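Counting starts at 1 for both ligands and their atoms, following the listed order. The first residue of the sequence shown is numbered 1, and numbering continues consecutively from there. Because the structure is predicted, anything quoted here is derived from the model rather than measured.
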Amino acid sequence: MNDAFDYARYDRIRPIRWTGDALELLDQRKLPFVVEYLTCATSDEVAAAIHALAVRGAPAIGISAAWGVVLAARVVEAADGAQAGIALEPALQRLNAARPTAVNLAWALARMRAALHGAGADWRAVLEREAQAIADEDLAANRHMGELGAALIASGSGVLTHCNTGSLATAGFGTALGVIRAGVAQGRIDRVFAGETRPWQQGARLTAWELQQDGIPATLIADSAASHLLKTGTVQWVVVGADRICANGDTANKIGTYQLAIAARHHGARFMVVAPSSTVDMATPDGDAIEIEERDPGELLGIGGVRTVAEGIAAWNPVFDVTPAELIDAIVTEKGVVERPTVAKMRAAFG
Ligand code: MRU
């Protein structure tokens, strides 16, 4: 597909720009009505942007953190990589603490640490090259996953996706949304549905807008309409991203993913998880061991800054859930497809 695929047509948005001096992040709190880049000149500004969801999506968080390390290096004096590693560790810890669930953050920071080992006086340039490599590899992985995932989808299919897994959440092209882009381009996907993704509305505010930018028609549904939609037989595949995939295939993703997997299985639709191998965490045995981020309950108490809930009401706001491996039909990474994941299949694919 790579030679023929018109990436310029189907993938126009870039959420992360490195200027050489600063990191520019397409501010996802303001989309879709304000398209504005936030400039981060320090690693702590990058950590704050990750925490505040100015940049979000597991791969985009990892890439941003890697550039955050490059920014932290600007204010460190060190003779070589070993010295720099010690001096930079507090900044890396602060970046790592910005969000807990997406493993790509810790993975990218571990790569930046590893790049420093053995680096000489040019350690700053080494870090910059590593951050660029992390971004470039993510884009290449997404394009390859697009091919692998689309090949699983029969012509004339309908798909339902959740949250935002597109260019906005990655270096470009997207994970689940990359599969959808490729599937639409190949004529396999006729119908795209996007769940609005309460409470932060990644589906309504980001996915719907991103698909519109690329000329892919999509239909928005309330999250609570998903089972009703699946019952109609209009959707053959639910296609989602991931924030952490465990050694047994259990997968953490945006809150609401688990109930989609249950509904898909009940109605005979298939369920696909698409993520780069940087999202696979073989050190975490299963979903029970994943820390699930809980955010401000205030996100549930109003819409667009307007309070909709009476004063004095309690709210619980976990922003991820875990889909058990037995509900997943395929995990697609750039390394290949794991169908019906088990511990043995995951170990064979990811070591
Ligand atoms: O809270 P968010 O918006 O960062 O959550 C994002 C998701 O859950 C995505 O589905 C996941 O990170 C994959 S993005 C390619």
Apply side chain to side chain contact (heavy atoms under 4.5 Å, CB included) to R205 and R29, showing your working.
CA-CA 9 Å; R205 293 193 305 106; R29 297 166 298 183; 5.6 Å; no
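N253 OD1, 3.4 Å is the protein heavy atom nearest to atom 9 (C) of ligand 1. Among protein heavy atoms, the minimum distance from atom 11 (C) of ligand 1 is reached at D243 OD1, 3.2 Å. Summary of contacts: the protein heavy atom closest to atom 15 (C) of ligand 1 is T175 OG1, 3.2 Å. Here the heavy atom of the protein found nearest to atom 13 (C) of ligand 1 is A242 O, 3.4 Å. Remark: minimum distance from atom 3 (O) of ligand 1 to any protein heavy atom is reached at R56 NE, 2.5 Å. Protein heavy atom at the shortest distance from atom 14 (S) of ligand 1 is A169 CB, 3.6 Å.
Ligand 1 has an N or O atom lying under 3.5 Å from an N or O atom of G57, backbone or side chain. Taking distance alone, with nitrogen or oxygen atoms compared against 3.5 Å, K254 approaches ligand 1 more closely than that limit. Of the polar atoms of R99, at least one N or O is found under 3.5 Å from an N or O of ligand 1, judged by distance alone. Between H162 and ligand 1, no N or O atom pair is found at a separation short of 3.5 Å. The shortest N/O to N/O separation between A58 and ligand 1 falls below 3.5 Å.
Residue contact check: Q202 has heavy atoms under 4.0 Å from atoms 1 (O), 2 (P), 3 (O) of ligand 1.
With no hydrogens or angles considered, a side-chain donor-acceptor pair links W18 and E128 at under 3.5 Å.
Tested against T284 for a side chain to side chain donor-acceptor pair (under 3.5 Å), the candidates D286, D281, D288 yield a single pass: D281.
Under 4.0 Å is where a charged nitrogen must lie from a carboxylate oxygen, and between R265 and D329 at least one such pair does. Salt-bridge formation is not detected for the pair E339/K345: no Lys NZ or Arg NE/NH1/NH2 atom is positioned less than 4.0 Å from an Asp or Glu carboxylate oxygen. Ion pair R198/D223 not flagged as a salt bridge, since none of the NZ, NE, NH1 or NH2 atoms sits closer than 4.0 Å to an Asp/Glu carboxylate oxygen. Under the 4.0 Å criterion applied to side-chain N and carboxylate O atoms, R244 and E291 are not assigned as salt-bridge partners.
Ligand 1 has F320 within reach: a non-hydrogen atom of the residue lies less than 4.0 Å from it. Contact annotation: Q28 has no heavy atom less than 4.0 Å from any atom of ligand 1.
With hydrophobic clusters built from ILVMFWY side chains whose heavy atoms lie under 4.5 angstrom apart, W237 does not share a cluster with L160.
Only side-chain heavy atoms of P59 come within less than 4.0 Å of ligand 1; its backbone N, CA, C and O stay farther off.
Distance alone, capped at 3.5 Å, places no donor-acceptor pair between the R99 side chain and the R56 backbone. Formation of a donor-acceptor pair under 3.5 Å by the R307 side chain with backbone atoms of V309 is found in this model.
Looking at G241, C163, G174, it is C163 that brings a heavy atom closest to atom 6 (C) of ligand 1.
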